[in-house]
Amino acid sequence: MGIINSSFAQEYKNQDSLSNYQSKYYAPEKKTVEWGFFMGPSWSIPSGSAPQLETGAQFSNVRERARTTFYFGFKANFFIEDRLSVEFDALFNSMGQKTEFSGFNHELGQSNETVKYTEVLSYFVFPLTLNYYLNENIYIKGGLYGATLAGAQRREGGLFGDYLDVNHLYRGGDFGFTAGIGAEAKVLFVEWRYSRGLIDVTFDDEKYYNQNIQLVVGFKFGG
């Protein structure tokens, strides 16, 4: 009986030593820095109405709609600990909205003429977010962004319509908050992001705030 107990104790000791050895020499490496690139569709749904040019034209009906665009960018993700990281992005995004005017009023009465134009606001955007990892694959994020206006144009008609420079109607930058949820697997990651401007980006009396939703698809490296 004493021999069996001694044998059991020796086996337990050997297993404990092996576990300590594996923990010491085969411990998973901690994440440090990830970098990557991403792209995807963006749905611009600004709050407010785009500023109007003083043309003297009056319309009885105005319809505003979201604008679907495409963006691309790069990211650097710095891990503070296993579940927490700070991410810096740089991306180019086009925002704005579509507007349709109908019921043109003039000195002879009213016509059924319809005018469509698209506000095209191009920005370089720089989000800074804090990411919290719920597990190895799912994370949530939130933070702030700053943006620089690259150009503002008003396009009449379709994609190949006439463009009018309207930079003088808009301020040179934007600032706001962003939040989202993401999932990753090896080198691929997918996110949903929401961004909302906190400042009026026009010089008009009626306020206008940028707002958009993004589907992010990208590839990451490092870690």
Side-chain angles (χ1 to χ4, degrees), residues 31-48 50-51 66-81 83-97 118-134 138-154 165-184 187-204 207-223:
K31 293 182 178 181
T32 54
V33 180
E34 290 179 345
W35 63 274
F37 62 91
F38 54 87
M39 61 188 68
S42 175
W43 293 272
S44 177
I45 43 176
S47 174
R67 178 173 180 248
T68 303
T69 65
F70 187 82
Y71 70 94
F72 61 90
F74 302 90
K75 78 166 188 173
N77 195 21
F78 303 90
F79 282 85
I80 303 172
E81 54 183 59
R83 288 182 174 268
L84 201 62
S85 69
V86 176
E87 181 179 331
F88 175 76
D89 298 345
L91 61 134
F92 179 81
N93 192 19
S94 183
M95 290 184 269
Q97 67 181 19
T118 302
E119 209 77 357
V120 181
L121 306 179
S122 301
Y123 285 93
F124 291 107
V125 188
F126 306 98
L128 181 65
T129 60
L130 190 66
N131 300 342
Y132 179 75
Y133 289 77
L134 303 175
I138 307 296
Y139 55 94
I140 56 177
K141 64 194 308 170
L144 301 172
Y145 75 85
T148 300
L149 183 66
Q153 295 178 316
R154 183 164 294 173
D165 189 327
V166 290
N167 275 287
H168 62 284
L169 298 179
Y170 291 90
R171 302 182 189 276
D174 188 21
F175 175 79
F177 70 87
T178 181
I181 184 170
E184 62 181 26
V187 299
L188 179 68
F189 67 93
V190 179
E191 296 178 1
W192 280 104
R193 295 184 185 180
Y194 169 77
S195 299
R196 172 66 154 81
L198 298 176
I199 62 173
D200 178 13
V201 295
T202 76
F203 296 107
D204 201 46
K207 297 188 180 300
Y208 182 90
Y209 299 91
N210 284 318
Q211 183 174 230
N212 69 101
I213 298 173
Q214 296 175 340
L215 174 60
V216 180
V217 181
F219 296 91
K220 62 184 180 66
F221 308 93

Quick one, Gln214 with Thr178, criterion side-chain contact (heavy atoms from CB on, under 4.5 Å). Give me CA distance, side-chain angles, the key distance, then yes/no. CA-CA 11 Å; Gln214 296 175 340; Thr178 181; over 6 Å; no
Could you tell me if Arg193 sits above the aromatic ring of Phe38, with its cationic atom closer than 6.0 Å to the ring centre and no more than 45 degrees from the axis?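 That pair qualifies as a cation-pi contact.
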Test log, rule side-chain contact (heavy atoms from CB on, under 4.5 Å), inputs Phe189 and Tyr139: CA-CA 11 Å; Phe189 67 93; Tyr139 55 94; 4.0 Å; yes
Residue pair Val86, Asn131: steps toward the side-chain contact (heavy atoms from CB on, under 4.5 Å) verdict: CA-CA 6 Å; Val86 176; Asn131 300 342; over 6 Å; no
Begin from the C-alpha positions of His168 and Phe203 and carry the test side-chain contact (heavy atoms from CB on, under 4.5 Å) through to its verdict. CA-CA 8 Å; His168 62 284; Phe203 296 107; over 6 Å; no
Which heavy atom of [X] sits nearest a heavy atom of [Y], and at what distance?
X      : Y      : result
Pro46  : Gln97  : CG-OE1, 3.2 Å
Ala183 : Ile138 : CB-CD1, 3.7 Å
Ser94  : Thr69  : O-OG1, 2.8 Å

For Glu119 and Tyr170, which I'm curious about, is there any donor-acceptor pair between the side chains at under 3.5 Å? yes
Hey, what do you get for [atom1] ([X]) to [atom2] ([Y]), rounding to the nearest 0.5 Å?
X      : Y      : atom1 : atom2 : result
Asn212 : Tyr71  : CG    : OH    : 9.0 Å
Lys220 : Glu87  : NZ    : CD    : 11.0 Å
Ile140 : Glu191 : CD1   : CD    : 12.0 Å
Phe219 : Glu34  : CZ    : CD    : 14.5 Å

Once salt bridge (Lys or Arg N to Asp or Glu O under 4.0 Å) is applied, what residue pairs with a partner in residues 165-181 remain, sequence neighbours excluded?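 As it turns out, there is no salt bridge (Lys or Arg N to Asp or Glu O under 4.0 Å) pair with a partner in residues 165-181 once direct neighbours are skipped.
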Would you find a donor on one side and an acceptor on the other, under 3.5 Å apart, between the side chain of [X] and the backbone of [Y]?
X      : Y      : value
Arg83  : Leu134 : yes
Asp200 : Tyr208 : yes
Ser44  : Gly96  : yes

Between [X] and [Y], is any pair of side-chain heavy atoms under 4.5 Å apart?
X      : Y      : answer
Thr68  : Trp43  : yes
Tyr123 : Val201 : yes
Thr202 : Leu169 : no
Trp192 : Leu215 : yes

